[in-house]
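Here the structure is a predicted model, which is why all the values come from computation and not from measurement.
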Amino acid sequence: MPVYNQSRSRVIQLIFVAIFLVITGQLLHLQLFSSEYKIQAENNAIFRKVVYPDRGIIFDRKRRAILENTIMYDLMVTPNATKGSDTATMCAILGIDTAEYKKRMVTAIIKNTSYKPSAFAPLVSQDVYARLNENMYRFPGFVLQERPVRSYPYNAAGNVLGYVGEVDTAYLRRHKEDGYQMGDYAGITGLENTYEKVLMGQRGVKRSIRDNKNRIQGSYENGAFDTAAVAGRNLYTSMDVDLQQLAEKLLGNKIGSAVAINPKTGGILAMATSPTYNPNELTGSERRKNYGRLVLDTARPLLNRAIKGQYPPGSTFKPLGALVALDEGLITPAYGYPCGGSYNSCGRPVKCEHHDAGHAASLRLALSHSCNSYFSNVFRMAIDNPAFANTQQGYLKWKEYMNAFGLGVKLNIDLPSEDKGNIPDTAKYNRDFGGSRWNSCNILTLGIGQDRMLATPLQLANTMCFIANKGYYYVPHFVDSIENETIEDTTYLGKYRVKHKVTNISTEDFDAVQLAMLDVTVSGTAVGARIDGIDICAKTGTAQNPHGKNHSLFVAFAPKDNPKIAIAVVVENAGFGSTWAAPIASLMIEKYLNDTISAKRMPEVDRISQADLIPAAIKHWYIVKDSIKLAKLAKQLDADKAPTFENTTDNKKHTFDPEAEPNRQDNDSGDYDSMKMKSPFMKPEEKPLKKIK
């Protein structure tokens, strides 16, 4: 046989061998490795129904359920099993047209293939459920599936509790090891998000056998392959829902926040933000529509200002400035300053509200009267401390104190998206002044809580815990314990049970500051916040605001001895701290300590809650500033994703005042060009500071 014939024969043999191997390999793949036909076969014979567990309940400190579970139904579809379904009747019941029907079907196939069930109409209303239930025989491939959803009996704490939503593909990628699948719900914001693994529980599966006409015939293998759903575990928080409701009521028709903490534990008693929303609006069949309305609201009810709002602390900062000076040995409680109504040692006067002689003759008097001159001078003493080589080193030591007090850093509360506020670093001032040629006069207003200093209401409340405890605090948190707590749960709770002793400031120094803060409500700037029989240590504050009236701030703790509550209140555009923030805090303190509010003060609750402090100018400013952003956002709304809000620290536009920060460069003021200010930024020698309280 010729050689070329032998070669051709081998080639043909190799081709047949290759074809045989390919066919064999494909058969092995289909039989052993591919799940496609297995899924189809199982779907034809076995109906697999997911049993969703009840999510864990969240309780307040008195074991009252702040949120509960109720049952609603999802209309699920398996697309490849819908042959013969009565499309017209389905559309009529759901109130959709055939185009929408086809769109939902395509979406289901894309999200979860045609062989797996997907949500066709999630969380249908009771009326729609009733009509569907009596017509299900018309809709092969469709099934009504129970879904536990949240309900909120107190209609409160929406921004704290958060909400749940259906997971998307991005969420599934981030949580590959957590067992989620399309159609599952997870916590999107708030405590629902932070404690998702605790609250979610474990899904169960119930398998049923069906005949060739797709009718359920009974349990598959007598339930041998069924798995039971395991309910999520409960959370026990420090929150007092009565106090929370009061705080939200008092902040009604206002922009601001209130935070109350138990200083002995760091447990948060209340965290109110305003404007807010009823958490029941983000559950049930109307959830998506309500979400769209809320996220387009220019007042930003979805923004938790307690951890996202950043404000100059104003005079509420002064007790901390006093502690620094006392600890460094720069002053004693007897140290006085001859204030005649302004501080003039830096060439541009810093105005003080008081002109009478002797109002700053000691630390106690200066703090109770909130003397700007006194604390401007004390701040300069700390920055120019001769113990350090230069101003920059003195400032870095001062900044170290601030960070230790919990300012300019995240406190790591058990809520997502906490902001850290801002204690500026030296690089910012080096940029402003072209190097390190700046001194304490250039940053003078830091000493009275202005300039670039920013703090969240949570941080301000935490500083009160620090002072109340005379040198330590626990990281603020909501959850005190978890049902059937395990070793693994220390991941969540361990850091909240550690005492943070952040400085070595002496007890005597804290005593001096506490006595001065007590005088604030006895004879100082917040006499109106007094409560019969309760010693309140407090400080008022007024932060400058270029968009209208100043922000009203108030911080306090009570009682002075054995303190049980520390609080911070911020009301935007409300003027002096004693006018609105102080009475709100006072009523909250009384409610918590006495478990009631006296009859003679109930009219004050009504007066404050009914006052509308959102000026028309601010409403217009929000609309102008947000119009472009909201127009873009409207095209991509998704209620299952947490909203994001721009909220940077170093360039916080809505709190910058050119008169309070005359050295800020033009490149820090971009957003204010649109405000059409009548005059350019003033240099120090051109215009004095406004009065700061």
Side-chain angles (χ1 to χ4, degrees), residues 61 238-240 242-244 246-247 258-271 313 316-320 322-323 326 364 367-368 404-407 411 413 457-478 480 496-503 505-522 524 526 529-541 553-569 577 581-597:
R61 71 186 186 94
S238 55
M239 183 183 296
D240 186 308
D242 291 335
L243 188 65
Q244 179 73 25
L246 175 64
V259 180
I261 305 175
N262 180 348
K264 295 181 182 298
T265 64
I268 298 175
L269 304 170
M271 178 181 283
T316 63
F317 167 78
K318 290 173 181 175
L320 300 180
L323 285 171
L326 288 168
R364 189 167 180 174
L367 192 58
S368 63
F405 296 160
L407 299 180
L411 294 173
I413 183 180
L458 174 69
Q459 290 174 325
L460 294 178
N462 188 62
T463 62
M464 290 299 99
C465 293
F466 168 74
I467 296 176
N469 293 331
K470 299 184 179 181
Y472 70 88
Y473 68 88
Y474 291 91
V475 174
H477 60 279
F478 284 96
D480 287 334
Y496 303 129
R497 295 168 178 172
V498 177
K499 180 187 291 188
H500 290 261
K501 185 171 176 60
V502 293
T503 68
I505 299 176
S506 69
T507 300
E508 290 74 18
D509 291 341
F510 279 107
D511 288 340
V513 170
Q514 286 190 3
L515 284 173
M517 293 178 68
L518 177 63
D519 284 352
V520 170
T521 58
V522 172
R530 284 188 298 185
I531 303 172
D532 293 342
I534 299 175
D535 290 334
I536 302 176
C537 297
K539 186 69 192 78
T540 55
L553 293 88
F554 186 78
V555 295
F557 64 88
K560 175 182 175 295
D561 299 320
N562 192 26
K564 297 177 181 178
I565 182 173
I567 193 167
V569 177
I584 290 174
S586 176
L587 289 166
M588 290 178 63
I589 291 172
E590 181 178 2
K591 173 64 176 175
Y592 180 71
L593 294 180
N594 295 342
D595 203 28
T596 187
I597 294 176

Mind listing the closest non-hydrogen atom pair of [X] and [Y] along with its distance?
X      : Y      : result
Val520 : Ser368 : CG2-CA, 3.8 Å
Arg364 : Asp519 : NE-OD2, 2.5 Å
Val475 : Ile413 : CG1-N, 4.5 Å
Ala585 : Phe554 : CB-CD2, 3.4 Å
Ile536 : Ala529 : CD1-O, 3.5 Å
Ala461 : Ala568 : N-CB, 3.5 Å

Minimum side-chain heavy-atom gap [X]-[Y] below 4.5 Å:
X      : Y      : result
Tyr592 : Leu269 : yes
Met239 : Arg61  : no
Leu246 : Ile597 : yes

Check: Phe466 ring centre within less than 6.0 Å of Phe510 ring centre: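 Distance test on ring centres: under 6.0 Å, yes.
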Using atom types as modelled and distance alone, determine if a side-chain donor or acceptor of [X] lies under 3.5 Å from a backbone N or O of [Y].
X      : Y      : result
Thr521 : Ala526 : no
Gln244 : Met271 : yes
Asn594 : Thr596 : no
Gln514 : Cys537 : no

Any donor-acceptor N or O pair under 3.5 Å, side chains Lys264, Asn469: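 Not at all, the side chains of Lys264 and Asn469 share no donor-acceptor pair under 3.5 Å.
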SB check Asp511 Lys470 (cutoff 4.0 Å):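 Result for this pair is yes, salt bridge flagged.
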Sole residue of Val259, Ile565, Leu243 in side chain to side chain contact (heavy atoms under 4.5 Å, CB included) with Met588: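 Output: one option passes, namely Leu243.
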From CA spacing to verdict: ring-ring contact (aromatic ring centres under 6.0 Å, His included), Tyr472, His500: CA-CA 5 Å; Tyr472 70 88; His500 290 261; over 10 Å; no
